[in-house]
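Contents: one structure, followed by commentary.
Protein chains get the first letters and strands the later ones, always in sequence-line order, with residue 1 at the start of each.
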Protein chains: 2
Amino acid sequence: MQDILFDFISKYITLTEDEKNAILSVDIFRSVKKGTVLLKEGQSSKDSYFVLKGCIRTYYDLDGEEKTTGFYTEMEALTPPCVISKTPSEYYISCVEDTILTVSNSDMEEEVNAKFPRFETMCKILSEQLLAKERINFDEFKTSSPEQRYLNLLEKRPDLIQRVPQYQLASYLGMKPESLSRIRARITEKNKG
Amino acid sequence: MQDILFDFISKYITLTEDEKNAILSVDIFRSVKKGTVLLKEGQSSKDSYFVLKGCIRTYYDLDGEEKTTGFYTEMEALTPPCVISKTPSEYYISCVEDTILTVSNSDMEEEVNAKFPRFETMCKILSEQLLAKERINFDEFKTSSPEQRYLNLLEKRPDLIQRVPQYQLASYLGMKPESLSRIRARITEKNKG
DNA sequence: ACAACTTGTTCACTTAAGTTAAGAAATGAA
DNA sequence: TTCATTTCTTAACTTAAGTGAACAAGTTGT
């Protein structure tokens with residue numbers, strides 16, 4: 001199970017056995033049931049997550065309405081903004097599926113950094129890459145129509161469309177469930193004719 | 001002029017005189033005229049920018065149409081995705097105003113890192129913060145209507161509305177210039193009635 | 001097996017954004 | 001200053017998404 005974590009890290013730096021042990025000595029592997037809420041709105045937290053298996057989702061509650069803004073699946077890491085800003089969380093995180101993940105905080109990170117400083121270099125590279133990727137995603141979102149965004153998701157993360165309820169996908173794509181339903185109908189219609 | 005740079009850095013770490021000199025010895029300050037194109041689509045580049053004074057903008061050319069996706073003003077840093085991915089750039093960067101900025105690349109960064117390792121820590125923290133901020137921006141964009149997005153920009157970055165042409169703002173807000181014009185008319189109408 | 005709840009689809013209707021085109025206003029260059 | 005270009009606004013029309021409601025299908029718990 002921890003192999004997934006080391007596979008991930010090996011994309012950035014090569015770990016020695018000692019370094020692997022340094023990580024294992026602090027990392028907490030956790031198994032959470034579908035529907036479990038990991039973080040609530042208004043809650044303060046220092047925890048970052050790394051998904052080994054399953055899917056977690058971030059969503060806001062705007063006047064009683066759920067607005068889903070992110071999905072994190074295998075090999076994806078999430079440090080909620082509230083951890084960075086040190087303010088209460090503005091959103092919820094919950095598990096879309098039964099999920100296995102690691103939970104860590106900055107103290108643990110420092111502990112690992114102390115044992116091998118290359119870890120910090122890796123974290124820097126990782127967050128630079130995530131930032132670049134996030135900006136490209138945002139750019140694509142801004143420059144395309146709801147229909148194009150759905151088609152784009154279909155291409156980039158087809159798994160999500162299978163494993164996540166439509167109403168969550170809809171707000172993730174910036175539209176209402178009814179619109180998504182219509183778009184899907186329109187597309188299958190096109191493919192027929 | 002370089003005070004702006006040191007003011008910025010001082011938000012993250014306190015610099016000694018030696019460290020300031022280490023930065024000045026590699027950093028390139030550059031003055032660019034309004035309209036200058038810093039990066040072209042298809043071009044490969046290793047340069048990161050930090051705006052000291054002025055405004056630069058990122059935009060795509062999609063079938064001859066300009067799609068603006070970002071503005072970077074005083075105290076804002078931009079490392080184009082092509083620098084991270086090491087592939088040709090998918091977008092253009094140009095100057096909205098006469099601009100003073102620093103241009104640096106990863107070699108220079110390493111040079112500074114070698115002289116004081118705390119610089120790397122700062123870069124890590126910075127990009128983690130930028131990532132958190134970018135995600136919140138994206139979330140806000142996804143969960144709001146074009147009109148709300150305009151109002152949000154009016155609140156968060158009122159300067160942009162003054163210093164940037166409307167048609168660039170429009171695509172930055174994910175809409176057509178005509179729509180932005182209508183939205184503005186609708187809002188001033190509301191404020192009257 | 002049944003009721004209760006969740007999820008997805010459909011429909012009729014409303015609202016807002018996209019499109020096309022024309023003209024006004026601002027900007028810049030000669 | 002004048003002319004040309006760029007930028008912004010307006011209007012009529014088209015298209016697509018939002019809204020509210022009803023219903024069907026699927027799931028969960030008892």
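In this structure, of dA11(D), dG18(C), dT7(C), it is dT7(C) that holds the atom nearest to the side chain of Y167(A). Here dT20(C) is the nucleotide among dT19(D), dC8(D), dT20(C) with the atom lying nearest to any side-chain atom of E178(B). Picking from dG8(C), dT19(D), dA17(C) the nucleotide with the shortest atom distance to the side chain of S179(B) gives dA17(C). Listed nucleotides dG20(D), dA16(C), dG18(D) differ in distance to M175(A); the shortest reach to its side chain belongs to dG18(D). Nearest nucleotide to the P165(B) side chain, out of dC8(D), dA17(D), dG18(C): dC8(D).
Y60(A) pairs by the ring pair (Phe, Tyr, Trp, His ring centres under 6.0 Å) definition with Y91(A), not counting sequence neighbours.
Relative ring orientation between F141(B) and F138(A) is described as perpendicular, the plane-to-plane angle rising above 60° on a 0-90° scale split at 30° and 60°.
The nearest whole Å value for the distance from the NZ atom in K176(B) to the C1' atom in dA16(C) is 15 Å. Remark: C1' of dG8(C) and CZ of R163(A) are 20 Å apart, rounded to the nearest angstrom. When rounded to the nearest whole Å, the span between CD of Q166(B) and P of dT27(C) equals 12 Å. If you take CZ of R149(A) and C1' of dA17(D), they are 11 Å apart, rounded to a whole angstrom. The interatomic distance linking Q148(A) (CD) with dG18(C) (P) rounds to 12 Å, in whole Å. Taking atom CD1 of residue I187(B) and atom C1' of nucleotide dA16(C), one finds them 13 Å apart after rounding to whole Å. Going from atom CG of L173(A) over to atom P of dA16(D) covers 18 Å, rounded to whole Å. As a whole-Å value, the separation of L169(B) CG from dT7(D) C1' is 12 Å.
Within the 4.0 angstrom heavy-atom criterion, no nucleotide atom of any strand lies near P177(A).
For dG8(C), the base has no donor-acceptor partner in the side chain of R182(A) [N/O atoms by modelled type, under 3.5 angstrom].
Looking only at side-chain heavy atoms (C-beta outward), I23(A) and I9(A) come within less than 4.5 Å of each other. At least one side-chain heavy atom of L39(B) sits under 4.5 Å from a side-chain heavy atom of P80(B).
A donor-acceptor pair is defined here as one N or O able to donate and one able to accept, closer than 3.5 Å; such a pair exists between the side chain of R149(A) and the backbone of S144(A).
Residue S181(A) has a polar side-chain atom (N or O) positioned under 4.0 Å from OP1 or OP2 of dT9(C). Applying the 4.0 Å criterion to OP1 and OP2 of dT28(D), one finds that K34(A) has every side-chain N and O outside that range. Between dT9(D) and R186(B), no contact under 4.0 Å exists linking OP1 or OP2 to a side-chain N or O.
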